[in-house]
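Note sheet for the following structure.
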Amino acid sequence: MRQEIQAQVEALIEPILDDFGYELVDLQYKKEGRSMALCIFIDKPGGITLDDCVTVSREVGAILEIEDPIKAGYRLEVSSPGLDRPLKKPADFERFAGQKIKLKTVRMLDPDRRGRSRKTFTGELLGLSGDMIRIELDDKTGGQAMIALADLEKANLVEEF
(Lines give C-alpha, C1' and ligand atoms only; values in the text may rest on other atoms or scores of the structure.)
Protein backbone atom coordinates (compact mmCIF):
# COMPACT_ATOMS: atom_id res chain seq x y z
CA MET A 1 0.00 0.00 0.00
CA ARG A 2 2.78 2.48 0.89
CA GLN A 3 4.64 1.73 -2.33
CA GLU A 4 1.45 2.32 -4.32
CA ILE A 5 0.94 5.69 -2.64
CA GLN A 6 4.58 6.63 -3.18
CA ALA A 7 4.31 5.77 -6.89
CA GLN A 8 1.09 7.79 -7.29
CA VAL A 9 2.55 10.81 -5.49
CA GLU A 10 5.78 10.61 -7.48
CA ALA A 11 3.83 10.59 -10.77
CA LEU A 12 1.86 13.65 -9.63
CA ILE A 13 4.73 15.77 -8.35
CA GLU A 14 7.63 14.99 -10.69
CA PRO A 15 6.31 17.23 -13.52
CA ILE A 16 5.87 20.09 -11.02
CA LEU A 17 9.39 19.66 -9.68
CA ASP A 18 10.80 19.51 -13.23
CA ASP A 19 8.99 22.75 -14.12
CA PHE A 20 10.64 24.50 -11.17
CA GLY A 21 14.08 23.01 -11.94
CA TYR A 22 14.20 20.60 -9.01
CA GLU A 23 15.24 16.96 -8.99
CA LEU A 24 13.25 14.45 -6.95
CA VAL A 25 15.96 12.60 -5.04
CA ASP A 26 13.74 10.48 -2.82
CA LEU A 27 10.16 10.19 -1.66
CA GLN A 28 9.07 8.29 1.45
CA TYR A 29 5.62 7.71 2.88
CA LYS A 30 6.28 6.39 6.37
CA LYS A 31 5.02 6.11 9.90
CA GLU A 32 6.57 8.59 12.32
CA GLY A 33 5.33 8.14 15.83
CA ARG A 34 1.55 7.86 15.73
CA SER A 35 1.12 9.66 12.42
CA MET A 36 2.18 9.28 8.79
CA ALA A 37 4.62 11.54 6.99
CA LEU A 38 5.20 12.16 3.31
CA CYS A 39 8.87 13.12 3.03
CA ILE A 40 10.07 14.63 -0.24
CA PHE A 41 13.79 15.16 -0.79
CA ILE A 42 14.72 17.59 -3.56
CA ASP A 43 17.93 18.89 -5.06
CA LYS A 44 19.14 21.34 -7.70
CA PRO A 45 22.53 22.55 -8.89
CA GLY A 46 23.95 24.76 -6.18
CA GLY A 47 21.89 23.13 -3.44
CA ILE A 48 18.54 23.68 -1.78
CA THR A 49 17.49 26.67 0.32
CA LEU A 50 14.67 27.08 2.79
CA ASP A 51 12.81 29.14 0.18
CA ASP A 52 13.05 26.20 -2.24
CA CYS A 53 11.49 23.90 0.36
CA VAL A 54 8.68 26.40 1.01
CA THR A 55 7.97 26.75 -2.73
CA VAL A 56 7.86 23.00 -3.28
CA SER A 57 5.76 22.44 -0.16
CA ARG A 58 3.20 25.00 -1.34
CA GLU A 59 3.03 23.69 -4.93
CA VAL A 60 3.05 20.00 -4.02
CA GLY A 61 0.59 20.53 -1.17
CA ALA A 62 -1.86 22.16 -3.59
CA ILE A 63 -1.74 19.34 -6.14
CA LEU A 64 -2.01 16.68 -3.42
CA GLU A 65 -5.04 18.47 -2.01
CA ILE A 66 -6.73 18.47 -5.43
CA GLU A 67 -5.78 14.93 -6.51
CA ASP A 68 -6.03 13.42 -2.99
CA PRO A 69 -3.90 10.26 -3.50
CA ILE A 70 -3.51 9.82 0.28
CA LYS A 71 -6.86 9.31 1.99
CA ALA A 72 -5.52 9.26 5.57
CA GLY A 73 -4.05 12.22 7.43
CA TYR A 74 -0.32 12.87 6.97
CA ARG A 75 2.35 15.51 7.46
CA LEU A 76 4.15 16.88 4.36
CA GLU A 77 7.90 17.42 4.76
CA VAL A 78 10.13 18.85 2.05
CA SER A 79 13.90 19.02 2.49
CA SER A 80 17.27 18.72 0.85
CA PRO A 81 18.81 15.26 0.67
CA GLY A 82 21.53 16.37 3.11
CA LEU A 83 25.26 15.78 3.09
CA ASP A 84 24.75 12.02 2.87
CA ARG A 85 22.64 12.30 -0.28
CA PRO A 86 21.30 8.93 -1.43
CA LEU A 87 22.32 7.71 -4.87
CA LYS A 88 19.36 5.95 -6.47
CA LYS A 89 19.32 6.48 -10.21
CA PRO A 90 22.01 5.20 -12.60
CA ALA A 91 22.70 8.83 -13.57
CA ASP A 92 23.62 9.58 -9.93
CA PHE A 93 26.58 7.20 -10.18
CA GLU A 94 27.96 9.18 -13.12
CA ARG A 95 27.11 12.62 -11.74
CA PHE A 96 28.89 12.04 -8.43
CA ALA A 97 31.96 10.24 -9.81
CA GLY A 98 35.06 11.34 -7.93
CA GLN A 99 33.25 11.65 -4.61
CA LYS A 100 33.40 9.34 -1.63
CA ILE A 101 30.46 6.97 -1.22
CA LYS A 102 29.31 4.19 1.06
CA LEU A 103 27.15 1.46 -0.35
CA LYS A 104 25.45 -1.62 0.98
CA THR A 105 24.50 -4.64 -1.07
CA VAL A 106 21.55 -6.99 -0.68
CA ARG A 107 23.87 -10.01 -0.42
CA MET A 108 27.43 -10.84 0.54
CA LEU A 109 29.89 -10.04 -2.28
CA ASP A 110 33.49 -9.61 -3.31
CA PRO A 111 35.66 -11.97 -1.25
CA ASP A 112 38.83 -10.14 -0.22
CA ARG A 113 42.33 -11.60 -0.31
CA ARG A 114 41.55 -13.59 2.83
CA GLY A 115 38.36 -15.03 1.36
CA ARG A 116 35.96 -12.92 3.45
CA SER A 117 32.85 -11.53 1.76
CA ARG A 118 31.04 -8.37 2.77
CA LYS A 119 27.98 -6.21 2.14
CA THR A 120 29.39 -2.73 2.86
CA PHE A 121 31.85 -0.89 0.62
CA THR A 122 33.37 2.58 1.07
CA GLY A 123 35.58 4.50 -1.31
CA GLU A 124 35.78 6.86 -4.25
CA LEU A 125 33.03 6.45 -6.81
CA LEU A 126 34.62 5.95 -10.22
CA GLY A 127 31.36 5.89 -12.14
CA LEU A 128 29.16 3.38 -13.90
CA SER A 129 30.17 0.82 -16.52
CA GLY A 130 27.00 -0.57 -18.02
CA ASP A 131 25.05 -1.76 -14.99
CA MET A 132 28.13 -2.02 -12.75
CA ILE A 133 29.08 0.58 -10.12
CA ARG A 134 32.86 1.08 -10.03
CA ILE A 135 34.41 2.08 -6.71
CA GLU A 136 38.04 2.54 -5.60
CA LEU A 137 38.05 0.98 -2.15
CA ASP A 138 39.63 2.92 0.70
CA ASP A 139 40.00 0.05 3.14
CA LYS A 140 42.91 -2.28 3.89
CA THR A 141 42.20 -4.49 0.89
CA GLY A 142 42.39 -1.55 -1.52
CA GLY A 143 41.80 -1.98 -5.22
CA GLN A 144 38.56 -1.60 -7.09
CA ALA A 145 35.17 -3.21 -6.71
CA MET A 146 32.53 -3.65 -9.38
CA ILE A 147 29.03 -3.93 -7.95
CA ALA A 148 25.93 -4.60 -10.03
CA LEU A 149 23.08 -2.12 -9.66
CA ALA A 150 20.84 -5.15 -9.13
CA ASP A 151 22.85 -6.03 -5.98
CA LEU A 152 22.55 -2.52 -4.51
CA GLU A 153 20.50 -2.07 -1.34
CA LYS A 154 21.46 1.57 -0.77
CA ALA A 155 24.23 4.04 -1.56
CA ASN A 156 25.01 7.43 -0.07
CA LEU A 157 27.57 10.16 -0.49
CA VAL A 158 30.01 10.46 2.41
CA GLU A 159 30.89 14.02 3.34
CA GLU A 160 34.57 14.47 4.11
CA PHE A 161 35.61 17.24 6.51
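Quick note: residue numbers are just sequence positions, from 1. These numbers come from the heavy atoms of this one structure, side chains and all, not from hydrogens, waters or symmetry mates.
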Could you walk me through whether Thr122 and Leu137 pass the side chain to side chain contact (heavy atoms under 4.5 Å, CB included) test, one step at a time?
CA-CA 6 Å; Thr122 305; Leu137 300 172; over 6 Å; no
Specify the closest pair of heavy atoms between Asp151 and Arg107, including all atoms of both residues, with the distance to one decimal.
OD1-NE, 2.9 Å
Return the set of residues passing salt bridge (Lys or Arg N to Asp or Glu O under 4.0 Å) with Asp51 (not counting sequence neighbours), or none when no residue passes.
none
Do any pairs count as a salt bridge (charged side-chain N to carboxylate O under 4.0 Å, His left out) and have a residue in residues 73-87, sequence neighbours left out, and if so which ones?
Glu23-Arg85, Glu32-Arg75, Asp43-Arg85, Arg75-Glu77, Arg85-Asp92
Salt bridge (Lys or Arg N to Asp or Glu O under 4.0 Å) partners for Asp26, two or more places apart
Lys88
Using side-chain contact (heavy atoms from CB on, under 4.5 Å) as the criterion, point out the one residue from Glu94, Arg95, Arg134 that pairs with Leu128.
Glu94
Show which residues join Val25 in its hydrophobic cluster (side-chain heavy-atom contacts under 4.5 Å, direct or indirect), or state none.
Phe41
Would you name the heavy atoms of Ser80 and Cys53 that are closest together and state the gap between them?
N-SG, 4.3 Å
Distance col, row Gln144:CD vs Glu136:CD, nearest 0.5 angstrom, shows 5.0 Å
Between Thr49 and Asp52, is there a donor-acceptor pair closer than 3.5 Å when you use the side chain of the first and the backbone of the second?
yes
Salt bridge (Lys or Arg N to Asp or Glu O under 4.0 Å) involving Arg58 - partner list, sequence neighbours excluded
none
Name all residues meeting the side-chain contact (heavy atoms from CB on, under 4.5 Å) criterion together with Val158; count only those two or more places apart in sequence or in a different chain, and write none if there are none.
Lys100, Lys102
